[in-house]
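The block underneath contains the structure these notes are about, expressed in structure tokens.
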Amino acid sequence: MSSLMESIAPAAPARRESVLRALLRSRSGLIGTVLTLLVIAAAVAGALGALPYDPAAQDVDAALQSPSGAHWFGTDQFGRDVFSRVASGLGSSLLVAGVSVALSGSLGVVLGILAGYYGGVLDRAIGVLTNVLFAFPSLLLALTLAATLDRSWRTVALAIAVVYLPIFVRVARGPVLTLRSADYVTAATATGQRRLATLFTHILPNIRGIIFVQVTLTLSWAVLTEASLSFLGFGTPPPAASLGVMVYDARTLSSVAPWLLTGPGIALIVFVIGLNMFGAGLRDVVDPRSGVRR
């Protein structure tokens, strides 16, 4: 038995390396990875203060300048550098989306695998919760929660987490219903291993690929939801830069200074497309039934 385990153990790093190579060979995976890394780099630069200008610094003499070598995305009506504000806004969106998906993903996966593995009353109770949350339109539910609680980025993250919680519950529960009757799960139970230990040592590792794909896709939805809430006035409060607020403020000046709208709009589109293409490429690699590499 020990020699068998030793022969199997070194295969794990090779498997991870083959997944990475397959992802980069996929057209969707490669493009999505590049776009996502570019956006993350801009967001990290904003968080570290490594931007050409202070996103909040005003310069009336430089107001409404078109894009140039000095101001790549131009300036707004207060003379603030649009590129620096876009990078800072990407950091805010990434923070809110990351926290919300971490909350909804961790809790949703736990509830989903518990419901699928144990079944019975627990499964029905969790099913009722997910059905209630699914009954509300996602943006309306997030808007209601954000308007009810104090306005802060934490409130926005919590509201988005509640919206996407039932998705992770459903995604985790489905595969567990099949895996709980697998031979290796039955053997682990027969040898005296506790059910909870079996759940987290044998079942959870076999659904992590599906969960990770769902995380990448949900991140893109969370970014759009955060931008929508900010556009409606319920997102990240000022003075923090927000892509949704920038788009809202650019409406009245779009005919005079179109770069105020195109800068945050393009950044938001690139971010969402990058995450979706990365998730699509990862799904092609993880799902063995997918025979086409996009």
Hey, is the main chain of G46 close enough, under 3.5 Å, to the side chain of S88 for a donor-acceptor pair?
no
Is a donor on one side and an acceptor on the other found under 3.5 Å between the side chain of R251 and the backbone of Y248?
yes
May I have the step-by-step check of side-chain contact (heavy atoms from CB on, under 4.5 Å) for V86 and I266, ending in yes or no?
CA-CA 10 Å; V86 166; I266 291 176; over 6 Å; no
Greater than 12 external heavy atoms within 6.0 Å of F134's CZ:
yes
What residues form a ring pair (Phe, Tyr, Trp, His ring centres under 6.0 Å) with F83, not counting sequence neighbours?
W72, F73
Are any non-hydrogen side-chain atoms of V247 and L243 less than 4.5 angstrom apart?
no
Checking side chain to side chain contact (heavy atoms under 4.5 Å, CB included) between F168 and each of V101, L111, L107, which is the one that passes?
V101
Do you know which two heavy atoms are closest between A43 and L94, and how far apart they sit?
CB-CD2, 4.1 Å
I'd like to check the ring pair (Phe, Tyr, Trp, His ring centres under 6.0 Å) partners of Y117; sequence neighbours left out, ordered by chain and number.
none
Tell me whether S84 contacts the main-chain N or O of Y53 through its side chain, where contact means a donor paired with an acceptor under 3.5 Å.
yes
In the structure I gave you, are the side-chain heavy atoms of D76 and D249 within less than 4.5 Å of one another anywhere?
no
Could you grab the distance from atom CH2 of W221 to atom OG1 of T218, nearest 0.5 Å is fine?
5.0 Å
Under 3.5 Å, is there a donor-acceptor pair between the side chain of T36 and the main chain of T33?
no
Can Y164 and T225 be counted as having a side-chain donor-acceptor contact under 3.5 angstrom?
yes
Where is the tightest heavy-atom contact between T75 and A63, given as atom of each residue plus distance?
OG1-C, 3.6 Å
Knowing that exactly one of L219, V213, V215 qualifies, which makes a side chain to side chain contact (heavy atoms under 4.5 Å, CB included) with L217?
V213
Return yes if some donor-acceptor pair links the side-chain N/O of R80 with the main-chain N/O of P55 below 3.5 Å, else return no.
no
For P166, which of I126, V132, L133 qualifies under side chain to side chain contact (heavy atoms under 4.5 Å, CB included)?
L133
State, yes or no, whether a side-chain contact exists between L64 and L260 at a heavy-atom distance under 4.5 Å.
yes
Check salt bridge (charged side-chain N to carboxylate O under 4.0 Å, His left out) between R173 and all other residues, then give those that pass, not counting sequence neighbours.
D123
